[in-house]
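Reviewing the structure listed below.
Heavy atoms only: backbone and side chains are in, while hydrogens, waters and symmetry mates are out.
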Amino acid sequence: MSRAAEEIAAVLLDTGAFLVRPEQPFRLTSGLLAPFYVNCRLILSRPEARAQAAAALAATVPQPGATVIAGGVTAGVPFATLVADRLALPMVYVRTQAKAHGTAARIEGGDVTGARVHLIEDLISTAGSILAFAQALRDAGAEVERVSVLFSRAGASAQRALEEAGLALTAICDLDSLLAVALGRGRIDEKGLGEVRAFLSDPEAWSARHGG
């Protein structure tokens, strides 16, 4: 485990961003129930944690290299803003859909034609949102080859999808690192760890057993 992974795992734990609740599962965007949830947004209200997250993400952006930082609505926007500010680079954000009024823009903040854009997101699971944001930027004329996230629980299918789309992923902390730090700090017990592992081995079956 890298030092950066350990530090971000500690940030996630200290801010309460990592929740384990097998008895009251969380419903994911996929519709499945899960025994745990990671909410990186909680980092934003803690200045020290926010600074650590910003520094870790900024360190993944090649310099010289990227000419614009981008974030996806909504969770990626504050983290992209923090990184762009640290690196003194232009920043844009990408909507999930073009707005139906005004300029009808999907990308806000400026023209990205010909720009080398580094996409910043809070986390990745299925990669669906990241792929959509990257494609929107490419459709607008940007070159997008890299994406950085604070936390990843992307499986093999998500990794393949990113590779097929020509996107290189840098994840500062992954679930194995987070679980190791949580166990070492007594923030998760063996029973909770077992539930998380059971979900990861067969999400559909775990969800079904718990009413999903």
### Message
Quick check: is I124 connected to Y93 through a chain of hydrophobic side chains (ILVMFWY, heavy atoms under 4.5 Å apart)?
### Response
no
#### Entry: Point-to-point distance, once rounded to the nearest 0.5 Å, from SG of C173 to CG of L12
6.0 Å
### Message
Run D14 and R187 through side-chain contact (heavy atoms from CB on, under 4.5 Å) and show every step you take.
### Response
CA-CA 10 Å; D14 292 344; R187 305 293 285 274; 3.7 Å; yes
### Whether R138 side chain and A142 backbone form a donor-acceptor pair below 3.5 Å
no
### Summary
Residues A158 and S125: closest non-hydrogen pair is CB-O, 3.5 Å
### Message
Using 0.5 Å steps for rounding, measure from the CG atom of D139 to the CD1 atom of I107.
### Response
8.0 Å
### Evaluation steps, side-chain contact (heavy atoms from CB on, under 4.5 Å), between W206 and S201
CA-CA 9 Å; W206 193 98; S201 66; over 6 Å; no
### Message
Please give me the minimum heavy-atom distance between A53 and I43, naming the atom from each residue.
### Response
CB-CG2, 4.2 Å
### Query
What are the two closest heavy atoms between I8 and I172, and how far apart are they?
CG1-CG2, 3.5 Å
### Query
Can you find a pair of side-chain heavy atoms, one from L137 and one from V68, that are under 4.5 Å apart?
no
### Query
If we only count heavy atoms from C-beta on, is the F133 to V147 side-chain gap below 4.5 Å?
no
### Message
Is any side-chain heavy atom of V11 closer than 4.5 Å to one of L150?
### Response
no
#### Entry: CA sep, side-chain torsions, deciding dist, call: F36, L19, side-chain contact (heavy atoms from CB on, under 4.5 Å)
CA-CA 5 Å; F36 71 97; L19 302 171; over 6 Å; no
### Query
Measuring from R106:CZ to Q97:CD, what's the distance to the nearest 0.5 Å?
7.5 Å
#### Entry: Step-by-step salt bridge (charged side-chain N to carboxylate O under 4.0 Å, His left out) determination, D176 to R153
CA-CA 9 Å; D176 286 338; R153 59 164 297 258; over 6 Å; no
### Message
For a 4.5 angstrom cut-off between non-hydrogen side-chain atoms, does F18 reach N39?
### Response
no
### Task
Drop me the distance from L169's CG to S152's OG, to the nearest 0.5 angstrom.
5.5 Å
### Query
Looking at E7 and R3, does any basic side-chain N land under 4.0 Å from a carboxylate oxygen?
yes
### Task
Please check if any side-chain donor atom of T170 sits under 3.5 Å from a side-chain acceptor atom of T60, or the reverse.
no
### Query
Side chains of E6 and S177: closer than 4.5 Å at any heavy-atom pair?
no
### Task
Could you give me the CA-CA distance, side-chain angles and deciding distance for V149 and D122, then say whether side-chain contact (heavy atoms from CB on, under 4.5 Å) is met?
CA-CA 5 Å; V149 299; D122 61 334; over 6 Å; no
### Task
Mark yes or no for whether R116, through its side chain, and G65, through its backbone, hold a donor-acceptor pair below 3.5 Å.
yes
### Task
Salt-bridge test for R197 and D202: reply yes if a basic N is under 4.0 Å from a carboxylate O, no otherwise.
no
### Gap between atom CD of Q52 and atom OG1 of T15 - 0.5 Å precision
10.0 Å
### Message
With a 4.5 Å cut-off on side-chain heavy atoms, are E195 and V20 touching?
### Response
no
### Message
Could you measure the distance from the CZ atom of R50 to the CD atom of E48? Nearest 0.5 Å is fine.
### Response
11.0 Å
### Message
So which atom in V73 and which in T96 form the shortest heavy-atom distance, rounded to 0.1 Å?
### Response
O-CG2, 4.1 Å
### Message
Starting from V61, can I reach V94 by hopping between I/L/V/M/F/W/Y residues whose side chains sit under 4.5 Å apart?
### Response
no
### Query
Do you know which of L82, L57, V83 makes side-chain contact (heavy atoms from CB on, under 4.5 Å) with I69?
V83
### Task
Check for a donor-acceptor pair, side chain of S207 on one end and backbone N or O of L32 on the other, with a separation under 3.5 Å.
no
### Message
Do R21 and F26 form a cation-pi contact, if we require the NZ or CZ to be under 6.0 Å from the six-membered ring centre and within 45 degrees of the ring's axis?
### Response
yes
### Closest non-hydrogen atom pair, M91 against A84
CB-CB, 3.5 Å
#### Entry: Shared hydrophobic cluster, V144 / F79 (ILVMFWY, side-chain heavy atoms < 4.5 Å)
no
### Query
Do L89 and V92 share a hydrophobic cluster, counting only Ile, Leu, Val, Met, Phe, Trp and Tyr and linking them when any side-chain heavy atoms are less than 4.5 Å apart?
no
### Message
Is it the case that the side chain of T81 and the backbone of V77 share a donor-acceptor pair, with hydrogens and angles ignored and the cut-off at 3.5 Å?
### Response
yes
### Message
Could you see if L28 belongs to whatever hydrophobic cluster contains L42? Use Ile, Leu, Val, Met, Phe, Trp, Tyr and a side-chain cutoff under 4.5 Å.
### Response
no
